[in-house]
Amino acid sequence: MHEVPRVRFAPSPTGYFHVGGARTALFNWLFAKRFGGVFVLRIEDTDEARNSPEWIDGICSALEWLKITWDEGPFLQSERLDLYAEAAQSLFRSGKAYYCDCQRSEIDERVRSAGLPPGYDGFCRDRGLQSATGRALRFKVPKEGETVVDDLVRGKVAFENRTIDDFILIKGNGAPLFVLANVVDDLDMRISHVIRAEEHLPTTPKAILVYQALGQNAPQFAHVPVLVNEKRQKLSKRRDRVAVEDYKEMGFLPAAMENYLVLLGWSPGDDREFLTRQDELDLFSLDRVGHSPSFFDVTKMLHFNKHYLSLLSSEELLQTALPFLEATDFWDGTPDQRSSFLKLAPEISTRIGLVSEIPGMVDFIFKSQLSIDESAFNSVTTDSNSKKLLERSIEVFSGLEIFGSSELESACRAWAEESGLSLRKLQAPIRVAITGKKVGPPLFSAMEVLGRETSLSRLSDLASRLS
RNA sequence: GGCCCCAUCGUCUAGAGGCCUAGGACAUCACCCUCUCAAGGUGGAGACACGGGUUCAAAUCCCGUUGGGGCUGCCA
């Protein structure tokens, strides 16, 4: 490569930022950064009817969340309309494009009665129409020959020109269609590699034809496979859960999402799966991108999330948990609360799959009034020994010099020994009394964090509720 | 309908003619570990869509079939 690559990510702001878009952006970013290149962010908002400016912020913040940074942009196509108009005029003047006043219904009618395949029939191709309001500008596709896309991931893909309709360059309202806008911008922004989803492959010969008509060289293309749902259909905003924002709110870590996404359609070639950003940078290449669509499997992404969660330090876990804690009614972020959280953090990081599970895992420490799960409470009441065990536990724990997890544990083990009960059995009602749940972080650590006074009072609280 | 793409365990994939009795990971099952639950460990089940070629040899190359998907818009 003689020059540093310049790539672009060009989403259209028609909804929440899509996981498929995130993967495309990531591939672009990795490709550019691996070779010291430039990543351009461009917003394709030429269709007024479908775009909404508020989605742009969402796209940018999702990219930032994933640490996919752009070097140039965001450029808005809506602010570059004169550039497209200029290119369109030059195409018209050189006879490479023509004006058309056909309505869709007229075209359909003609095509249907002539028994032609759906598409434009070239009705205005030789009518010599001049520019007028409401008239669209169409590209005059050569009748002969073929246009070859030399794709970096799929190889050469040939399209016969006669199968390509005279497509629209400028709409009747004067706005450009994406093919034109894309070509003009990619030229203007000196884009060297267009890396995008496979769904764009069929429109690529059109773009190439426009480059040729403009007397310019086309960039290199690389079409990466699409992401599909469980029915193997392209992920869609309407029917599938695709918003990056949603996954963030569910409690996925950006590093986990990135690691999962990079493996969708690409692999490093060996058995490694956990990859750091640096690994990805060292290893990513377009020739290792696969050719078939990948199912976006949240279950596997959850596995990556667990892994990255378990890697966090206590302080990091607190930081990532904060937005979720602050949404609860028991967290007020006092130094005491923070230090309690930090003490228990190592015990919870391997017990959660999502950051959003953290509040439910630690609430018992912070709630002044413990609520006991119905099923947990039932499990205690159905065991006739529970009350005795709880009362005895108070005696055992009260005698402790130090209320620490190892002291609590040894005391329980000794008690289990003398009573002939298993530790498993013995701790069950205590756990419910302390945490209000049947499962949770290790009991003795939980009690240590909670402290002697609160622990003992919770034990007697539950004991007194039993007959 | 036309054009184009794709095809290895349920899923993500490794595999670029002999290393394949097809490897790994997720999910799943069993066991171990264990104060609950996780985590971790060990093991099990589980795939080259089909049919023809080419070749001494094919998951790998070619053709076809089947299946899936995308595009076919004055959306991107």
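Proteins come first, then strands; the chains are lettered A, B, ... in the order of their sequence lines, and each starts at number 1. All values below were derived from every heavy atom in this structure, side-chain atoms included, with hydrogens, water molecules and symmetry-related copies excluded.
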Original post:
Is any N or O donor-acceptor pair between the side chain of A:K300 and the base of B:rA25 shorter than 3.5 Å?
Top reply: yes
Subject >> Shortest non-hydrogen separation from A:L275 to A:E280 and the atoms involved >> reply: O-OE2, 3.7 Å
Original post:
Rounded to the Å, how far apart are A:D270 CG and B:rG23 P?
Top reply: 17 Å
**OP:** Could you please name the option among B:rG70, B:rU11, B:rA76 that lies closest to any side-chain atom of A:R239?
**Re:** B:rG70
Original post:
Which one, B:rG24, B:rG70, B:rC75, comes nearest to the side chain of A:D47?
Top reply: B:rC75
Subject >> Centroid-centroid under 6.0 Å between A:F296 and A:Y247 rings >> reply: yes
Original post:
When rounded to the nearest Å, what value does the distance between C1' atoms of B:rU11 and B:rU54 take?
Top reply: 34 Å
**OP:** Using the C1' atom as the reference point in each nucleotide, state the distance between B:rA38 and B:rC32 in Å, no decimals.
**Re:** 16 Å
Original post:
Hey, is the side chain of A:R138 poking within less than 4.0 Å of OP1 or OP2 on B:rC74, counting only N and O atoms?
Top reply: yes
Original post:
Picking from B:rA7, B:rG73, B:rG70, which would you name as closest to the side chain of A:S292?
Top reply: B:rA7
Subject >> Contact under 4.0 Å: A:K171 side-chain N or O vs B:rC75 OP1/OP2 >> reply: yes
Original post:
Between A:S267 and B:rA14, does any side-chain N or O lie under 4.0 Å from OP1 or OP2?
Top reply: yes
Original post:
Do the ring planes of A:Y99 and A:F92 sit parallel (below 30°), tilted (30 to 60°) or perpendicular (above 60°)?
Top reply: perpendicular
Subject >> A:S294 side chain, from C-beta outward: closest of B:rC3, B:rC26, B:rU13 >> reply: B:rU13
Original post:
With a non-hydrogen cut-off below 4.0 angstrom, is A:H223 in contact with a base, only sugar-phosphate, or nothing?
Top reply: nothing
**OP:** Would you kindly check whether a donor in the side chain of A:R288 faces an acceptor in the base of B:rU13, or vice versa, at under 3.5 angstrom?
**Re:** no
Subject >> Given B:rC4, B:rA76, B:rC12, the nucleotide with the shortest approach to the side chain of A:R232 >> reply: B:rC12
Original post:
Is A:S349 near enough to B:rA39 that one of its side-chain N or O atoms lies under 4.0 angstrom from OP1 or OP2?
Top reply: no
Original post:
Looking only at atom P, what distance separates B:rA7 and B:rA14, rounded to whole Å?
Top reply: 11 Å
Original post:
What does A:G290 touch in the nucleic acid at a heavy-atom separation under 4.0 angstrom: a base, only the sugar-phosphate, or nothing?
Top reply: nothing
Original post:
Contact class for A:P225 vs. all strands (heavy atom < 4.0 Å): base, sugar-phosphate, or nothing?
Top reply: nothing
Subject >> Distance-only donor-acceptor test (3.5 Å): side chain A:R104, base B:rC74 >> reply: no
Subject >> Shortest non-hydrogen contact between A:R277 and A:W29, atoms and distance >> reply: NH1-CH2, 3.0 Å
Original post:
Taking the C1' atom of each, how far is B:rU60 from B:rC20, in whole Å?
Top reply: 11 Å
Subject >> Under 3.5 Å donor-acceptor pair, A:R154 side-chain atoms to B:rC6 base atoms >> reply: no
Original post:
If you measure from the C1' atom in B:rA59 to the same atom in B:rA47, how many Å do you get, rounded?
Top reply: 10 Å
Original post:
Counting only side-chain N and O atoms of A:H291, is one of them less than 4.0 Å from OP1 or OP2 of B:rC6?
Top reply: yes
Original post:
If you check every side-chain atom of A:R351, which of B:rA38, B:rU11, B:rC74 has the closest atom?
Top reply: B:rA38
**OP:** Would you indicate, yes or no, if B:rC71 has its OP1 or OP2 atom less than 4.0 angstrom from a side-chain nitrogen or oxygen of A:K206?
**Re:** no
Original post:
What nucleotide, of B:rG69, B:rC74, B:rU36, holds the atom closest to the side chain of A:V439?
Top reply: B:rU36
Subject >> Base of B:rC75 paired with side chain of A:R50 (donor-acceptor, under 3.5 Å) >> reply: yes
Subject >> P spacing across the pair B:rC6 / B:rA25, given as an integer number of angstrom >> reply: 29 Å
Original post:
Using a cut-off of 4.0 Å on non-hydrogen atoms, how would the nucleic acid contact of A:R431 be classed: base, sugar-phosphate, or nothing?
Top reply: base
Subject >> Heavy-atom closest pair, residues A:L354 and A:L309 >> reply: N-CD2, 4.0 Å
Original post:
With rounding to whole Å, what would you report as the distance between B:rG23 and B:rG15 at their P atoms?
Top reply: 15 Å
